[in-house]
Amino acid sequence: MKKLVLGFAAAAFGFAAVSASAEEHVVRIGTEGAYPPFNYIDAEGNLVGFDIDVANALCDAAGFECELVVQDWDGIIPGLLARRYDAIIASMSITEERKEVVDFTEKYYATPAKFVKADDRDLDIPDDISEANDTLSGMAIGVQRATVHENFLRDNFGDADIRVYATQDEANLDLVNGRVDLVMADSVVLLEGFLETEEGEGYSFVGPDYIEEQWHGEGIGIAVRKGEDDLREALNAAIEEIRETGTYQEINAKYFDFDVYGD
Amino acid sequence: MNLALVLDSLPQLLSGLLVTLEITAWALALGLAASIPLALMRVSTNPVLRLPVFGFIFYFRGTPLLVQLFLIYYGSGQFRPELEALGLWVYFREPYFCAVLTLTLNTAAYTAEILRGSIQAVPFGEIEAARACGMSRGLLYRRIILPKAFRLALPAYSNEVVFLFQATSLVSIITLLDLTGVARVMVARTFAVYELYIAAGLLYLACTYLILWVLRKVEYRLSGHLRPREAEPARPDLSPAGLP
């Protein structure tokens, strides 16, 4: 019995020692590992992706020793609150709802929404939104139902024929079938899910990048537990630093041929 | 419960209801027209006429309407070059056309099956009597079998009309803004799930009972000869007084 109590005490002490050292030296970072190209497990079983490279660069810049922890998406905030890790770098959008339970750093990327059209379709979309609305008047635009993109289109392109689909794949299919003139979605989703696939051959982005806070949110940030301002500030400084030293741009270029940071 | 929101959204919901009613009307009219020859082929003793119709009814009654919608809408996209060559793509390009076509084929299959049943239920005595009068086959169908079959089919057909009306709610899945489609768009925006779906539901309910009421009237009219004659009003006695 005495042994058992001692055992518990040792375990509890050991645990306390680990978490104390974690707070001081090692920063554990939670990520999902199932969201290519941002964070995913490659064929060799390694955790790779844009988020992972950014996480490592941030840790170097801030002088942290980092450890990556993989966690399913639906448990990723509970895992943070349960101290399984100290920050989430997993392409998490900064939303008002999440801000109720966690704090966010500044954004580390913000992918714009874009239109896609067929290459043989002669169409230019002016940068000015109200001019663009005139240009697209009467054209059929496919978009996924109940997304920020649907709201953005309805509020800004009211003269177009907006067609809503259950999934982005169905909207893309109707673009290929010629039923819609354009589709709109997150640029990276379109790139990875459509343009770089076989079906997407002969289609490309058209028009400006759209990233309006009112519709598209504040971008993608790093979540930390509420009140951990030291860590949050250190990460903010690190984001600024890798932006300045060019490390960020190198990582950006490794994955995308456009700027994912946004304005 | 946000009543103001429901009132604000009413014009949009009503415009959606109009699309729903239009699609229902087209599909019912075309489906009923198609179902008569289909039913006659279905009861034919000639297998060349009977078997294709049997297959058609078998497929459209045996598969979910949603699958049929997807098949005709997205499936037609796969045959775009062929349809373009036939000059049909301009129709298949439109979700409205695909929706009406699918619902027409679906209701034609069900209605044909209802009619088949009622054609076969026409009492043989009536057919025999018509033949005894020397009626030709065409005249027999026109005067005796089909009118009788329609009357027999009406209660079952009323159900089919209501089913079809409600089934049109699926067309929002192929981007049409019918009543359900409009409600879904507005729910995504306002998160007023209860208010908007209850409002849409009440509109469906009102139309359903209106349809049933009209069909009941029609049924009542068509079965006039089967009701016991109402007691005739007593005739005024016009005979000259005093005569026996």
Side-chain angles (χ1 to χ4, degrees), chain A residues 95-97 100 113 117-118 120-121 138-185 194 197-203 212 214-217, chain B residues 8-9 11-12 15-16 19 64 66-67 69-99 101-102 169-193 196-197:
Chain A
T95 66
E96 292 301 321
E97 210 175 26
E100 311 241 308
K117 72 165 180 73
D120 54 18
R121 178 72 192 258
M139 285 192 194
I141 307 177
V143 69
Q144 190 179 358
R145 185 188 293 285
T147 56
V148 291
H149 309 295
E150 185 193 347
N151 296 344
F152 177 70
L153 285 176
R154 290 202 187 279
D155 292 346
N156 296 290
F157 293 89
D159 294 340
D161 174 11
I162 298 160
R163 309 236 183 121
V164 285
Y165 294 85
T167 66
Q168 188 59 40
D169 285 342
E170 287 169 0
N172 297 342
L173 193 58
D174 259 4
L175 178 69
V176 173
N177 286 340
R179 284 197 179 109
V180 295
D181 302 292
L182 295 159
V183 294
M184 169 172 265
F194 180 56
T197 66
E198 220 174 290
E199 293 77 41
E201 227 167 277
Y203 294 85
E212 308 278 336
Q214 190 191 335
W215 291 279
H216 301 111
Chain B
D8 284 347
S9 60
Q12 280 166 283
S15 76
V19 174
L66 185 62
V67 170
L69 260 183
F70 278 141
L71 187 76
I72 289 181
Y73 186 71
Y74 290 112
S76 65
Q78 212 175 320
F79 299 99
R80 185 179 165 190
E82 290 83 351
L83 288 168
E84 268 172 347
L86 292 168
L88 290 175
W89 178 250
V90 283
Y91 302 111
F92 278 94
R93 193 175 186 277
E94 296 303 323
Y96 194 96
F97 173 83
C98 291
L101 177 66
T102 312
S169 62
L170 284 177
V171 302
S172 64
I173 209 85
I174 56 165
T175 77
L176 278 178
L177 290 177
D178 69 324
L179 181 50
T180 305
V182 169
R184 288 175 80 177
V185 165
M186 295 200 315
V187 164
R189 207 56 207 268
T190 58
F191 300 103
V193 183
L196 288 166
Y197 284 136

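Just so it is clear: chains get the letters A, B, ... in the order the sequence lines come, proteins before strands, and each one is counted from 1. Below, all heavy atoms of this structure are taken into account, side chains as well, without hydrogens, waters or symmetry copies.
Only the side chain of B/Arg80 comes within contact range of chain A, with at least one heavy atom under 4.5 Å from a heavy atom of that chain. Contacts of A/Glu170 with chain B are made by both backbone and side-chain atoms, with heavy-atom separations under 4.5 Å. Contacts of B/Phe79 with chain A are absent, with no heavy-atom separation under 4.5 Å from either backbone or side chain.
Note that CZ of A/Arg145 is 5.5 Å distant from OG of B/Ser172, once rounded to the nearest 0.5 Å. With rounding to the nearest 0.5 Å, the separation of OG1 in B/Thr175 from CG in A/Asp161 is 7.5 Å.
In this structure, A/Arg179 forms a cation-pi arrangement with B/Tyr73, its terminal cationic atom sitting closer than 6.0 Å to the ring centre and no more than 45° off the ring axis.
Options A/Leu173, A/Asn177, A/Val176 differ in how many heavy-atom pairs under 4.5 Å they form with chain B, and the most are formed by A/Asn177.
For B/Glu82, the CD atom sits in a packed shell: over 12 heavy atoms of surrounding residues, nucleotides or ligands are nearer than 6.0 Å. Applying the 6.0 Å contact sphere to CD of B/Glu84 captures more than 12 heavy atoms from other residues, nucleotides or ligands.
Side-chain contact check for A/Arg154 versus B/Val185: some heavy-atom pair is nearer than 4.5 Å.
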- Message: Applying side chain to side chain contact (heavy atoms under 4.5 Å, CB included) to A/Tyr165 and B/Ile173, what does each step give before you reach the verdict?
- Response: CA-CA 7 Å; A/Tyr165 294 85; B/Ile173 209 85; over 6 Å; no
